[in-house]
2 protein chains.
Amino acid sequence: MGYRENPRPGGRSARVQAAVHQSVRNMLATMDRADVTIPLIAQRANVTPSTIYRRWGDLQELLADVAAARLQQEGEPATIGSARQDLEAWVEQYADEMASGVGRQMLRDILAAADSANAEKCGTYTRYQLGVFIARAEKCGEPFPTLEELMDHVISPIIYRILFDCLPETGYVPGLIAKVMPKGLPGA
Amino acid sequence: MGYRENPRPGGRSARVQAAVHQSVRNMLATMDRADVTIPLIAQRANVTPSTIYRRWGDLQELLADVAAARLQQEGEPATIGSARQDLEAWVEQYADEMASGVGRQMLRDILAAADSANAEKCGTYTRYQLGVFIARAEKCGEPFPTLEELMDHVISPIIYRILFDCLPETGYVPGLIAKVMPKGLPGA
DNA sequence: TCACTAACGCAAATTATTTGCTTTTATGCA
DNA sequence: TGCATAAAAGCAAATAATTTGCGTTAGTGA
């Protein structure tokens with residue numbers, strides 16, 4: 001993205017960004033992805049194409065930016081039962097969202113961009129979410145996997161399968177989690 | 001890719017494909033990726049741009065095709081020591097190649113393409129390679145992880161880290177392998 | 001060798017991207 | 001509040017990429 005992060009004199013950036021993002025989301029939801037072009041996005045967002053080109057560079061960067069923004073809006077994890085139960089529910093939902101058509105496409109958009117900043121953001125955000133569970137487990141004295149274990153052995157396999165098209169069967173997520181849980185106390 | 005797989009009357013496809021692939025590889029090796037365009041590739045391969053457009057559709061598909069072809073040229077695994085030792089050596093090399101600049105870019109090219117056929121191929125090929133080790137271990141009665149375990153807990157974490165930019169430190173690969181090795185006999 | 005047809009080349013038409021210049025507008029300061 | 005400032009947006013011309021229709025070429029099978 002070519003422009004500065006925080007608004008300065010003359011910055012109408014926030015308004016324009018919102019309009020463009022919205023326009024992209026609408027178009028991705030309603031039409032074939034191959035027909036989503038910058039001139040069309042611009043027209044629907046009531047801006048000029050050159051504004052988009054100067055700000056985002058190309059379509060891939062823009063799509064990556066929109067996708068990353070969406071991922072960050074996923075809800076905070078719920079607090080229903082034990083940290084393990086809540087983790088299981090959260091990961092299950094995470095896997096479903098990522099494996100869905102739009103989720104998959106978001107992942108690909110993020111990875112396709114030349115700038116890897118959004119990919120990093122994506123991983124950072126996931127780690128943050130998992131950190132919430134870990135902190136809660138620690139507070140309760142509940143045995144729990146480390147962040148690295150969760151990233152390497154729960155999140156990674158899920159994402160790999162989604163990206164490389166070997167979709168996980170049902171019951172896959174609980175199996176992964178059971179595998180990284182520290183031994184000592186049984187079941188949920 | 002728009003054309004048929006096996007040559008039919010009128011097909012000069014093999015020659016053209018070789019020239020185009022070569023041209024792409026040369027360009028990726030020598031110039032900035034942003035300057036790699038279809039008209040330029042066509043010129044260096046001595047074909048018309050429309051030939052490339054009709055055959056591959058767009059630049060992303062072409063890059064994905066070239067990347068997938070490269071991945072398949074990785075050498076057969078060596079037979080030096082035990083299946084575990086050889087697996088370790090192979091995975092270490094696999095991780096290095098994928099984490100390198102070109103390897104990373106190949107992965108992204110493959111995932112960026114609208115058509116996921118190349119992504120599937122990529123996974124299939126990795127599984128095939130791992131299958132070689134498994135078969136050898138089985139023949140020798142050496143305890144060994146299953147294919148699923150290797151994909152989920154060795155390959156997936158490596159690829160995830162490469163794609164999402166949290167690069168593995170040295171000693172990472174042996175740790176992953178140790179983790180999936182069946183218990184019962186120690187070390188290598 | 002010949003007929004057949006998939007794949008290629010060519011060029012015109014369309015569409016996307018880049019760029020120089022002008023205009024707008026949020027901000028900080030007087 | 002109003003003015004000076006500069007970042008971001010608009011506009012339009014120039015350039016570059018993509019699509020497409022149609023004629024040509026060259027493997028293949030009979």
Side-chain angles (χ1 to χ4, degrees), chain A residues 1-24 26-28 31-66 69 109 112-115 117, chain B residues 1-24 26-28 31-66 69 109 112-115 117:
Chain A
M1 294 206 302
Y3 290 0
R4 8 202 349 158
E5 286 301 324
N6 46 345
R8 284 295 151 68
R12 273 151 294 181
S13 31
R15 256 207 310 284
V16 170
Q17 159 157 4
V20 170
H21 271 224
Q22 171 95 54
S23 165
V24 170
N26 282 345
M27 291 176 68
L28 287 179
M31 49 193 287
D32 195 69
R33 136 173 256 82
D35 300 330
V36 176
T37 65
I38 287 189
L40 200 52
I41 294 168
Q43 184 189 319
R44 302 214 184 177
N46 270 103
V47 295
T48 15
S50 64
T51 294
I52 296 182
Y53 285 115
R54 279 201 246 253
R55 186 154 175 173
W56 281 277
D58 62 16
L59 183 60
Q60 285 192 348
E61 291 297 331
L62 173 55
L63 291 177
D65 191 43
V66 171
D109 287 340
D115 182 352
Chain B
M1 300 211 293
Y3 289 3
R4 16 204 341 162
E5 287 301 326
N6 46 346
R8 283 295 150 71
R12 271 151 297 182
S13 31
R15 254 205 311 284
V16 169
Q17 158 157 4
V20 171
H21 271 226
Q22 171 96 52
S23 166
V24 170
N26 283 343
M27 293 178 67
L28 287 180
M31 49 194 286
D32 195 69
R33 142 173 252 82
D35 300 329
V36 175
T37 66
I38 287 187
L40 200 52
I41 294 168
Q43 184 188 319
R44 301 214 182 176
N46 270 104
V47 295
T48 352
S50 64
T51 295
I52 296 183
Y53 286 114
R54 277 200 249 253
R55 185 152 176 176
W56 281 278
D58 62 17
L59 183 59
Q60 286 192 348
E61 290 296 331
L62 172 55
L63 291 177
D65 190 43
V66 171
D109 288 340
D115 181 353

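Letters A, B, ... mirror the listed sequences (proteins, then strands); counts begin at 1.
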Could you tell me whether the phosphate oxygens of C:dC8, OP1 or OP2, come under 4.0 Å of any side-chain nitrogen or oxygen in B:Arg55? yes
Atom CG of B:Leu62 to atom C1' of D:dA17: distance rounded to whole Å? 15 Å
Expected list for residues 33-45 of chain B near DNA chain D, using heavy atoms below 4.0 Å, is B:Thr37, B:Ile38, B:Pro39
Are any of A:Thr51's side-chain N or O atoms less than 4.0 Å away from OP1 or OP2 of D:dA9? no
Value rounded to 0.5 Å, distance of CG in B:Leu63 from CZ in B:Arg33: 5.5 Å
What is the distance from CG of B:Leu59 to P of D:dA17, rounded to the nearest Å? 11 Å
Please name the pair of heavy atoms, one in B:Pro49 and one in B:Ile38, separated by the smallest distance, quoted to 0.1 Å. O-CG2, 4.3 Å
May I have the distance from A:Asp58 (atom CG) to D:dA16 (atom P), rounded to whole angstrom? 18 Å
Can you tell me the distance, in whole Å, between the CZ atom of B:Arg15 and the C1' atom of C:dA6? 14 Å
Just verifying a value: how many Å separate A:Asp58 CG and A:Ile52 CD1, rounded to the nearest 0.5 Å? 11.5 Å
Does a distance-only test, which skips hydrogens and angles, find a donor-acceptor pair under 3.5 Å between the side chain of B:Ser50 and the base of C:dC8? no
Would you compute the distance between atom CD of B:Gln22 and atom CD1 of B:Ile41 and round it to the nearest 0.5 angstrom? 12.5 Å
Can you tell me how far the CG atom of B:Leu62 sits from the CG atom of B:Asp109, to the nearest 0.5 Å? 9.5 Å
Whole angstrom value for the distance that separates P of D:dC22 from CZ of B:Arg54: 12 Å
For residues A:Ala14 and A:Arg55, report the shortest heavy-atom separation together with the two atoms involved. N-NH2, 4.5 Å
Using whole Å, what does the distance between atom C1' of nucleotide D:dA9 and atom CD of A:Gln17 come to? 15 Å
Give the nucleotide from the list D:dA9, C:dT18, C:dG9 with an atom nearest to the side chain of B:Thr48. C:dG9
